[in-house]
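Notes follow once the structure below has been shown.
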Amino acid sequence: MDTLLQQIINGYVQGSVYAMVALGYTMVYGILGLINFAHGEIVMVGAMVALSVVQLLINSGLPPQLVLLFSLIISVSVCMSLGYSIERIAYRPLRKAPRLAPLITAIGVSIVLQNLAMIIWGREYLAFPPILPNNSHRFFGAIITEVQILIVLVALIMMGGLLLLVHQTRLGCAMRAVAENPTAAILMGVNTNKVIAITFMLGSGLAAVAGLMISARYGIVHYYMGSILGLKAFTAAVLGGIGNMRGAMMGGLLLGLIESLGAGYIGDLSGGFLGSHYQDVFAFFVLISVLIFRPSGLFGGRIAERA
Amino acid sequence: MSIQKTSLYSAIASLILLASCGKSEAPAHKENNELIVKIGVVAPLTGPQAHIGKDSENGARMAIEDANSKGIIINNKKVHFELISEDDQADPKTATIVAQKLADANVNGVIGHLNSGTSIPASRIYSNHGIPQISPSATAVNYTAQGLKTTFRVIANDGQQGRALGEFVASTLQAKKIAVIDDRSAYGQGLADEFERSAKSYGGQIVAREYTNDKAVDFTAVLTSIKSKNPDLIFFGGMDPQGVPMAKQLKSLGLDVKFVMGDGGFTPKLIELAGDAAEGVYASQPSLPLEQMPGGSNFSQRYMAKYQQPIQQYAPYCYDAVNVMIAAMQKAASVEPEKYLSELGKITHAGISGNISFKENGDIKGGSVTLYQVRQGKWQPLQTINEDGIASQD
């Protein structure tokens, strides 16, 4: 029983990691209809910048909370300006181009970012100092660490914050307008360029937070970490219905749970016929089944269609 | 969508490769009667194993620079060795593209690849072009079991390494209930299979066999499943990028077990990254300890001075592999693959890692496996197990 609970906790935490990244994908898609494949790489840059700041400040005698705060602020601002620049340089000139062009550009941007990071931070794995509290707690026989609790909370706060922003503020109203019909939004006096730029900056800022949390959880940072994470998070976003905030969150959690329970029980349930290497097969099987019956994902629909 | 992304990546990669293939070849002879010998070195220089790949390239580069400064003369001509470094991204598909590229560039020999999963598919291409291939690090049994005349390696294979690990775990560590995880790569899977067979034959019981992949960082699910089976030892067949988070997550899940890896885990990086979680981890290396290698300490000092970082893993074997190849060329008085290949099979070379000579199939003769444990933040050699299974205690 405690094994099952432990697997559910594992899956929930892993799912929250996916959800944090998936929110960034889904927000940009929801407003622009663009799949920003570079998002995983922005998470990586956020982690790298945070690591550099932590390394710089850790021996300065500042309390760890303050070091954490500084690294968070700096990595969020670096990622926001990075997000803005990417949108300005790579995507805005292509806004009226066929859909395939920005998609390929996004892949190009992600390769560029990955290689830039390799040049700046090197190809070594880097150790992320244990700056977040990481004590274990027993919980009905299962073990959960403080970083894991924090990841779940941060993911929830991120989603709640975004939902509030999109549905309760003037900026959110403008975002929904742009999502629904960019031309009409311009006619109504919405500054579309500004709204889209802000969307990218917000998404990138969230990516930085996700990057910091993920590095703190696994303790290692590498220039390649963004690509596989991005792929999984993208899958989660599609599973939940890309473009939809609640969908990204639920898709992430669901993917995490499927992976964890799949890897944990598939071997025993099939009598050793299938092993834990089928966990991805299992996850993608669920994705395909969902898409067959609900082509727009579990929660369906972009921000605009639901507004 | 994910498939589209990867296929786009590979499409772009192959376009770039095609473009670079179009360049005209450098002439084999310079006008001033200097013989240019091209030696290809292949390792993952990007991706999760880039640090280990770069380490190998560094080792080969040192050997080539040494050879050039010695001014080697073959067949009355001064020889200039040229290193052609290629990146196979630890990916079997890319490895074959890179191998074809090197074959087209008419290299005189290849040092590589780093991984078994890349060395095996690439070896077919080298064999078809008659190019000798010496891997400094591929340990999978299959690499030299394909019946190819051109495949060699300078370290012991996983048959031997897996046997030694199984013997060590069951006899020395007295482990009764053993869980095995592998990363589904040719190396990880092969080593884990050999280990499992050997551990069983020494009386160990395998209570769980789990799997992951060589890009994963979260192992809580398989570890939780293993925990419910109460093993006293976990063996992981894989590399250090997975070994580090696995060692950490073991601790945070409260699993009190011995953790053992093969040569994929035997890196200074593992200790640096895993910190406290690395303490007590076991790993093997299919060779003598660096300190006991004839030229080990001298080489590691020179490496440190040149690259400002310690040896990660395979640099000494890469250095030896290049030198063995050059020695065979000198003996055959020719740099042409078809001429020096037969000498390579017969050679006896005093390398920095020990005496190197090859068996019929290209495996090293008399290889040994050393077992290590992390104690007070350092890899300490525990015992060396020879080819015939006799352990010599340190």
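Letters A, B, ... mirror the listed sequences (proteins, then strands); counts begin at 1.
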Quick check on B:Leu45 against chain A: is it the side chain, the backbone, both or neither that has a heavy atom closer than 4.5 Å? both
When rounded to the nearest 0.5 angstrom, what distance separates CG in A:Asn10 from CD in B:Gln249? 8.5 Å
Nearest heavy-atom approach of A:Tyr223 to B:Ala50 is OH-CB, 4.1 Å
Among residues at least two apart in sequence or on other chains, which ones pass side-chain hydrogen bond (donor to acceptor under 3.5 Å, both in side chains) with B:Thr118? B:Asp88
Could you give the distance from NE2 (B:His51) to CD (A:Glu124), rounded to the nearest 0.5 Å? 6.5 Å
Do you know which two heavy atoms are closest between B:Ser252 and A:Ser136, and how far apart they sit? O-OG, 3.9 Å
So what's closer than 4.5 Å to chain B heavy atoms on A:Leu229: side chain, backbone, both or neither? neither
What one should report as the nearest heavy-atom pair of B:Pro48 and A:Tyr125 is O-CE1, 2.7 Å
Taking 4.5 Å as the heavy-atom cut-off, does anything in residues 262-276 of chain B contact chain A, and if so which residues? B:Lys269, B:Glu272, B:Leu273
Based on non-hydrogen pairs under 4.5 Å, which of B:Lys227, B:Lys248, B:Gln49 is most in contact with chain A? B:Lys248
B:Lys229 atom NZ: more than 12 heavy-atom contacts under 6.0 Å: yes
Nearest 0.5 Å please: distance from the CG atom of A:Leu4 over to the OG atom of B:Ser228. 11.0 Å
Considering all heavy atoms of both residues, which atom of A:Ile220 and which atom of B:Pro245 are nearest to each other, and what is their separation? CD1-CD, 3.9 Å
Can you tell me how far the CG atom of B:Asn213 sits from the CD1 atom of A:Ile228, to the nearest 0.5 Å? 7.0 Å
Largest heavy-atom contact set with chain B, pairs under 4.5 Å, which of A:Glu259, A:Met225, A:His222: A:His222
Considering residues at least two apart in sequence or located in another chain, which fulfil the ring-ring contact (aromatic ring centres under 6.0 Å, His included) criterion with A:Phe128? none
Sort out for me which of A:Arg138, A:Arg217, A:Lys232 touches chain B most, counting heavy-atom pairs under 4.5 Å. A:Arg217
Can you say whether B:Asp218 sits under 4.5 Å from chain A via the side chain, the backbone, both, or neither, judging by heavy atoms? both
Could you look at B:Val217 and say if it's the side chain, the backbone, both or neither that has a heavy atom under 4.5 Å from chain A? both
Contacting moiety of B:Lys251, where chain A heavy atoms sit under 4.5 Å: neither
For chain A, the option from B:Ile226, B:Thr46, B:Thr212, B:Ile181 that forms the most heavy-atom pairs under 4.5 Å: B:Thr46
To the nearest 0.5 Å, tell me how far B:Thr220 OG1 sits from A:Gln6 CD. 8.0 Å
Check whether any side-chain heavy atom of A:Gln7 lies under 4.5 Å from a side-chain heavy atom of B:Ser225, and answer yes or no. yes
Could you tell me which residues satisfy ring-ring contact (aromatic ring centres under 6.0 Å, His included) with B:Tyr211, sequence neighbours excluded, listed by chain and number? A:His277
I need the minimum non-hydrogen distance between A:Ala263 and B:Val222, along with the two atoms involved. CB-CG1, 4.3 Å
